[in-house]
Protein chains: 2
Amino acid sequence: MTGTDGRLARGERTRNTVLDTAVALASEAGLDGLSLGQLADRLHVSKSGLFAHWSSKEELQLAAIEHARDQWARRVVGPALDRPRGIRRLFALHESRLAFYSERVLPGGCFFAIAEFESAGRAGTVPDRLAAVLAEWITLLERLVTEAVELGELPPDTVPRRLAFEIDAAGVAALLHSRLLARSLDDARQAVLARLRGLATDPDLLPHH
Amino acid sequence: MTGTDGRLARGERTRNTVLDTAVALASEAGLDGLSLGQLADRLHVSKSGLFAHWSSKEELQLAAIEHARDQWARRVVGPALDRPRGIRRLFALHESRLAFYSERVLPGGCFFAIAEFESAGRAGTVPDRLAAVLAEWITLLERLVTEAVELGELPPDTVPRRLAFEIDAAGVAALLHSRLLARSLDDARQAVLARLRGLATDPDLLPHH
DNA sequence: ATATAAAAAGAACGACCGGTCGCACACTTT
DNA sequence: AAAGTGTGCGACCGGTCGTTCTTTTTATAT
């Protein structure tokens, strides 16, 4: 009987554990600041043991990106997609993003934000992949805006790209200031809520406060 | 006759040159990522020569913060304060910030943004000083909003803290995405312009597009 | 039981990190 | 002229970085 090789299963489990910690550490120090020595120490593992699973730091970084993307899809995008299409789903996405920050799922707040800042202007496989994931996120926001327009919940002259930018901006700033300005997460929620209620053809689809 | 010690003058000149480059490098790699070796190489100077002016990397980091703050005050805040008080000055501040980014004054875009991300959640003299400078910036934005309200150019029920947050958020997101999304700077301008024109008692005080 | 292959440890590498030291030069003060 | 001070260099320190190589442990397959 084959199919469940305990060795492979153990490796898979190890990889997952390592990537969990790697994403958490990188959310604080960035993908560059992430050090294999510190990562190994945190996991009570030898540094060379990591090379049994990834052949270089860059490969581990790329794996961490995919891991963080999965986490984001599961914890932020997933719950929003449970809501009905349109303006409610759009706002729910913004709210679950803010919840991800306020629940401190990652100690640094957000893996992608610091990674994007860090790799701005640089070239390479890692920045390329990060750019692709970011484009995915912006496209998702734009698509939800477009759907709300098509459903008649937002006015037809809405510019999806700009509204998506505005909503994302609130999230980015909330994260950046969350350590310093206590109310930044609440400000980000209220700002987008007020903006969407101002635009919505039926504001009652959204919470009142 | 005293007052012009050639040695002191030379030192002052050197310090300024070093800090210019330090701020530029730190805008890309962050204050942590800033390496004394790379900084010295870029300036065609020996590493130990840097220690003739600052006793540790942390002191150089603190000096770089003050240098970047001066630069920001001169190139962003100063021009805006030439405009008449009120909503025009408020929007001018946003515009000169975006100009600072689009002119690529710093190769990384903004010294403070990456420094703030990097030092989020950490303790120490450097994060403390960065927090103080950020608070200064937010306070300035809030004050300009408040002035516009007092002049009757914005409605009396305006919440200065929230509007300041919204304007800052557009700037932060514009910077973060400027490397990837070509129109992010224009989006940030249009978003704030539309928002302020929507609120203003006299929209003609602001540009039309 | 034994062969096999994945997982992990351990030691060592060259490069770079922030930092220290002594020394030389330029300039001012006495 | 001598002493003192600001500036800057080159050599070097202990430590950490990513990486490589060899060896040992662990679990499956035969």
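The figures that follow rest on heavy atoms only: side chains count, while hydrogens, waters and symmetry mates do not. Naming convention: chains lettered A, B, ... in sequence-line order (proteins, then strands); numbering from 1 in each chain.
In terms of heavy-atom proximity, A:A24 sits nearest to A:P107 at O-CG, 3.5 Å. The heavy-atom pair separating A:P127 from A:S119 by the smallest distance is CG-CB, 3.9 Å. Between A:G109 and A:Y101, the closest heavy-atom pair is O-CD2, 3.6 Å. Taking all atoms of both residues into account, the shortest heavy-atom contact from A:A164 to A:E142 is CB-CG, 3.6 Å.
Contacts of residues 118-125 of chain B with DNA chain C (heavy atom under 4.0 Å): none.
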Expected rows: protein N/O vs nucleotides 10-14 of chain D N/O, under 3.5 Å:
from: D:dG10; atom 1: N7; to: B:S48; atom 2: OG; distance (Å): 3.2
from: D:dG10; atom 1: O6; to: B:S48; atom 2: OG; distance (Å): 2.6

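Of the candidates B:K57, B:E58, B:E59, B:H53, B:E59 is the only one forming a side-chain hydrogen bond (donor to acceptor under 3.5 Å, both in side chains) with B:S55.
In this structure, B:R13 atom CZ and C:dC27 atom P are separated by 11 Å, rounded to whole Å. Atom-to-atom, CG of B:L36 to C1' of D:dG8 comes out at 15 Å; the value is rounded to the nearest Å. The CH2-C1' distance, from B:W54 to D:dG6, rounds to 14 Å in whole Å. The CD atom of B:Q38 sits 16 Å away from the P atom of C:dA15 (whole-angstrom rounding). In this structure, the CG atom of A:L50 is 12 Å from the P atom of D:dC17, given to the nearest Å.
Distance from the side chain of A:S56 is smallest for D:dT19 among the nucleotides C:dA9, D:dT19, D:dC9. Among D:dG8, D:dT20, C:dA7, the nucleotide with an atom closest to any side-chain atom of B:H53 is D:dG8. For A:K57, the listed nucleotide lying nearest its side chain is D:dT19; candidates were C:dG19, D:dT19, D:dG8. Nearest to the side chain of B:F51, among D:dC17, C:dG19, D:dG18, sits C:dG19.
For residues 29-45 of chain B, the set of pairs meeting the salt bridge (Lys or Arg N to Asp or Glu O under 4.0 Å) definition, not counting sequence neighbours, comprises B:D32-B:R122. Annotation: salt bridge (Lys or Arg N to Asp or Glu O under 4.0 Å) contacts involving residues 101-112 of chain A, sequence neighbours excluded, comprise A:R75-A:E103.
Nearest-nucleotide mapping onto DNA chain D: of A:S55 and A:S35, the residue sitting toward the 5' end is A:S35.
Side chains of A:H177 and A:D187: a donor-acceptor N/O pair is absent below 3.5 angstrom, by distance only.
With sequence neighbours left out, the salt bridge (charged side-chain N to carboxylate O under 4.0 Å, His left out) criterion links A:E66 to A:R129.
Direction of the helix axis in the helix from C:dA1-D:dT30 to C:dT30-D:dA1 shifts by 10° between the two five-pair termini, rounded to 10°.
Side chain of B:R197 to main chain of B:H209: no donor-acceptor pair is present (N/O by atom type, distance under 3.5 Å, no hydrogens or angles).
For the pair B:E136 and B:R69, the salt-bridge criterion is met [side-chain N within less than 4.0 Å of a carboxylate O].
Using a 4.0 Å heavy-atom criterion, one finds that A:L60 contacts no nucleic acid atom at all. Counting non-hydrogen atoms under 4.0 angstrom, B:L34 reaches the backbone sugars and phosphates but no base.
Note on ring orientation: taking the six-membered ring where Trp is involved, the planes of A:F112 and A:W72 are perpendicular (angle over 60°, cut-offs 30° and 60°).
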